[in-house]
Amino acid sequence: MADTEAALVPRDPLGYRLKRRLLGPPLVTEQLAREKLSNPMALGVLASDCMSSTAYGSEEMLRILVPVVGVAAFTLLLPVTGAILLVLLMLTLSYRDVVMVYTRAGGSYVVARENFGPRVAQIAAVALLVDYIVTVAVQTAAGTDALISLAHLVGEGYTGIDHLKVPLSVGMVVLLAYGNLRGIREAGRAFAAPAYLFVLAVALMLLCGLVRALTGGLPHADVHAAGAVPLGEAGDGWLYGASLFMVLRAFANGGSSLTGLEAISNGVSAFRRPQGPNARRTLTVMSCLLGGMVLGVSVLAHYTHAIPYADGNPTVIAQEARLVFGDSPLGTAGLVFVQLATALILYTGANTPFTGFPFLASFVAGDSFLPRQLTRRGHRLAFSNGIVCLAVVSLVLLLVTRANVDELVALYAIGVFTGFTMAAAGLTAHYWRRPGEPHRHWKLTVNISAAVVSALVVVVFAVTKFTEGAWLVVAVFPLGVWALIRVNDQYRAEAEALETMPPFTTDRPRWRRHLVHVLVDGFDLATLKALAYAHELRPDEVRALHVVVDEARAHRLVERWERSPATTVPLELIDCPDRRLRHTLVALAARTTADGTTALTLLIPRRAYPPPLGRLLHPGTGDELAKALEHLPDVAVTILPFDVARAVERLRSARVRSARV
């Protein structure tokens with residue numbers, strides 16, 4: 001019996017066998033439960049994306065200021081950094097409320113949906129989806145820059161791996177996607193360690209820099225080095241001759257330092273109980289660490305004049321590490337530690353969206369604003385469709401921008417700060433409707449301020465970076481929101497059609513006759529199986545039809561049909577002089593059911609072969625015919641598969657048994 005059942009089970013297709021080999025055996029649903037995160041572990045796991053932006057935030061500000069005001073940019077850098085830290089403070093206060101009020105994963109999308117409705121919430125959905133996509137590209141490109149910068153500084157200008165920037169970044173995205181398709185979990189020490197290593201590395205660099213500054217031994221970088229961003233000329237005035245527009249551009253670039261701040265609110269459900277207070281404490285610690293590191297890197301750049309390079313290498317933070325630690329073997333070890341820790345946290349930060357994006361996409365799809373395929377868990381219980389979508393779009397971004405962090409940052413902060421705006425505005429609406437809420441006026445003030453400031457940053461970024469790529473995000477946002485709403489309209493229309501469908505009843509059947517037509521393409525076992533099935537339906541009439549496309553072949557088929565004792569149903573030929581098979585069958589079906597009391601079932605034998613041979617031998621004609629006939633109310637199309645390979649195997653086995661007997 002067991003052998004018989006095993007023989008009936010179809011063999012796994014080649015694609016599934018390859019997937020099993022690459023991803024491992026499938027996981028069962030019971031294995032979905034994950035261990036909740038302690039606060040220290042959550043800080044390491046969820047804060048990587050946020051704290052890693054320290055590696056490029058200050059550099060992106062200098063990249064705008066240095067060509068305009070020259071070395072005065074290192075002084076102007078400090079007030080711009082101060083403005084960014086003020087925004088960080090306001091957003092931290094706002095998100096401390098978010099994690100207390102909304103303990104379900106989803107962040108600003110859930111806040112906007114609960115307070116403004118599902119349609120307005122799609123603005124937050126598009127913002128977060130764009131943010132996740134760009135984060136993967138920015139973090140991997142910056143991580144590769146950290147490695148290349150290490151080669152530059154340790155190798156004294158060695159540039160032998162510069163051409164590998166794009167391949168290395170692309171390879172890292174592919175590796176992260178593969179790991180997540182295998183079902184790796186962020187809740188592990190391997191994902192928490194890089195954040196702490198990076199904080200330790202930056203703290204060590206800043207401490208050493210402070211000691212050398214106090215002793216008068218902190219050197220300066222060569223601002224005229226080959227490949228460095230060209231120096232502008234400082235002017236007069238409190239902005240050193242820089243226009244307000246250029247300062248705003250620098251501020252917009254520096255806003256990339258705050259990306260990832262929403263990660264804890266997106267993952268608050270992963271905390272141990274009480275989830276809200278634990279997430280709040282972790283968010284506060286993360287913001288303090290981020291603010292301290294961003295300020296420290298900017299101050300160190302102010303004193304060392306670490307200057308951005310046109311091609312991005314060596315990076316500002318790498319130059320600071322070299323200048324602070326020196327050229328001794330111990331100093332080189334310090335530089336290596338800083339750069340490896342930087343690359344590690346950047347690559348780890350690039351992994352965060354591979355969890356956040358699929359979860360968010362599943363939420364949005366669950367609300368019927370994205371295709372529902374995104375709600376399904378795959379082979380290893382991960383949201384595989386979302387992971388693949390994220391990886392593909394991120395790879396396109398990397399290839400188009402040649403993994404240039406400066407070009408990618410132009411796409412970055414609009415999505416990030418739009419999400420911040422929606423979260424703060426949603427909380428404002430939340431408290432506005434609750435007059436009895438404790439400390440309501442303070443909370444309203446904080447969230448209104450955060451919403452206004454975040455919205456202003458979006459406007460500043462859209463205007464100042466429009467020609468550098470922000471126009472793409474400005475165009476994608478309304479199109480993305482429109483597309484999500486369009487998907488929802490389609491689902492709503494289908495649901496309404498289902499609700500208005502008249503009830504089916506068998507009390508008084510409308511059809512008086514039921515006809516079954518078997519579509520015959522050749523005389524074989526698949527056709528005979530279809531004829532046998534047609535008789536089992538016990539219709540009023542069974543007809544075998546062959547649509548004539550090749551007259552000579554049709555006549556040979558009729559002769560063979562008439563010679564065979566396998567069936568008593570005559571074969572009828574249907575003329576099709578223009579070889580438009582679908583049109584001929586639609587016209588025939590319409591004529592057959594024109595009286596309104598006749599039901600027609602069209603049986604189409606499908607000869608199935610093992611893939612990929614099956615895709616070559618079977619062009620999908622049955623599916624095309626079913627689609628062509630679906631608008632006829634009294635017509636049903638049934639496709640009967642016949643496994644040719646299995647039939648051949650059974651025949652061979654029978655012959656072997658006969659030979660043995």
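Only this structure's heavy atoms are used, side chains among them; waters, hydrogens and symmetry mates stay out.
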Spell out, as yes or no, whether a donor-acceptor pair under 3.5 Å connects the side chain of [X] to the backbone of [Y].
X	Y	value
Q122	P118	yes
N385	Q373	yes
N488	S368	yes
K165	A403	yes
D131	A127	no
W561	R556	no
D49	G349	no

Could you tell me whether R119 and D367 make a salt bridge, using a distance below 4.0 angstrom between a side-chain N and a carboxylate O?
->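 A salt bridge is absent here (no side-chain N lies under 4.0 Å from a carboxylate O).
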So how far is it from [X] [atom1] to [Y] [atom2], rounded to the nearest 0.5 Å?
X	Y	atom1	atom2	value
T418	L128	OG1	CG	9.5 Å
L519	R543	CG	CZ	12.0 Å
S169	L398	OG	CG	5.5 Å
L600	R513	CG	CZ	10.0 Å
H546	H555	NE2	NE2	9.5 Å
T421	I123	OG1	CD1	10.5 Å

Above 12 or not: heavy atoms from other molecules or residues under 6.0 Å from [atom1] of [X]?
X	atom1	result
H583	NE2	no
Y533	OH	no
E551	CD	no

If you define the side chain from C-beta out and look only at heavy atoms, does anything of [X] sit under 4.5 Å from [Y]?
X	Y	value
L602	T638	no
V487	L370	no
L181	F354	no
I387	P358	yes
D540	R512	no
T584	I574	yes

What class does the angle between the rings of F420 and F417 fall in, given that below 30° is parallel, 30 to 60° is tilted and above 60° is perpendicular?
->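 Judged by the thresholds at 30° and 60°, the geometry between F420 and F417 is perpendicular.
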Identify the two heavy atoms, one from [X] and one from [Y], that lie closest to each other, and give their separation to 0.1 Å.
X	Y	result
G419	S108	O-CB, 3.3 Å
L632	A590	CD1-N, 4.2 Å
A137	L397	CB-CB, 4.2 Å
V518	A534	CG2-CB, 3.9 Å
A365	P371	CB-O, 3.4 Å
A589	V635	CB-CG2, 4.0 Å

Evaluate the criterion side-chain contact (heavy atoms from CB on, under 4.5 Å) for residue pair Y347 and T144; output intermediate values, then yes/no.
-> CA-CA 9 Å; Y347 287 145; T144 304; 2.9 Å; yes
Test side-chain contact (heavy atoms from CB on, under 4.5 Å) applied to Y491 and R372, step by step = CA-CA 10 Å; Y491 279 129; R372 287 175 182 155; 3.5 Å; yes
Is there a side chain to side chain donor-acceptor pair (under 3.5 Å) between Y132 and S394 once you walk through the steps?
-> CA-CA 9 Å; Y132 283 132; S394 301; over 6 Å; no
Test V166 against every option in L164, V170, L168 by the side chain to side chain contact (heavy atoms under 4.5 Å, CB included) rule and name the one that passes.
->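 Answer after filtering L164, V170, L168: V170.
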May I ask you to check whether S564 and R560 show a side-chain donor-acceptor distance below 3.5 Å?
->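 Judged by distance alone, the side chains do not pair up.
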Decide side-chain contact (heavy atoms from CB on, under 4.5 Å) for R553 and D521; before the verdict, give the C-alpha distance in whole Å, the side-chain angles of both, and the deciding distance to 0.1 Å.
-> CA-CA 10 Å; R553 181 173 179 272; D521 183 57; 3.7 Å; yes
Side chain to side chain donor-acceptor pair (under 3.5 Å) assessment of T593 paired with T598 | CA-CA 5 Å; T593 60; T598 300; over 6 Å; no
Might you work through the side chain to side chain donor-acceptor pair (under 3.5 Å) test for N351 and T348, ending with a clear yes or no?
-> CA-CA 5 Å; N351 184 68; T348 304; over 6 Å; no
Yes or no on side-chain contact (heavy atoms from CB on, under 4.5 Å) for T135 and T352, after CA distance, side-chain angles and deciding distance?
-> CA-CA 9 Å; T135 294; T352 302; over 6 Å; no
Could you walk me through whether T601 and H514 pass the side chain to side chain donor-acceptor pair (under 3.5 Å) check?
-> CA-CA 8 Å; T601 298; H514 179 208; 2.9 Å; yes
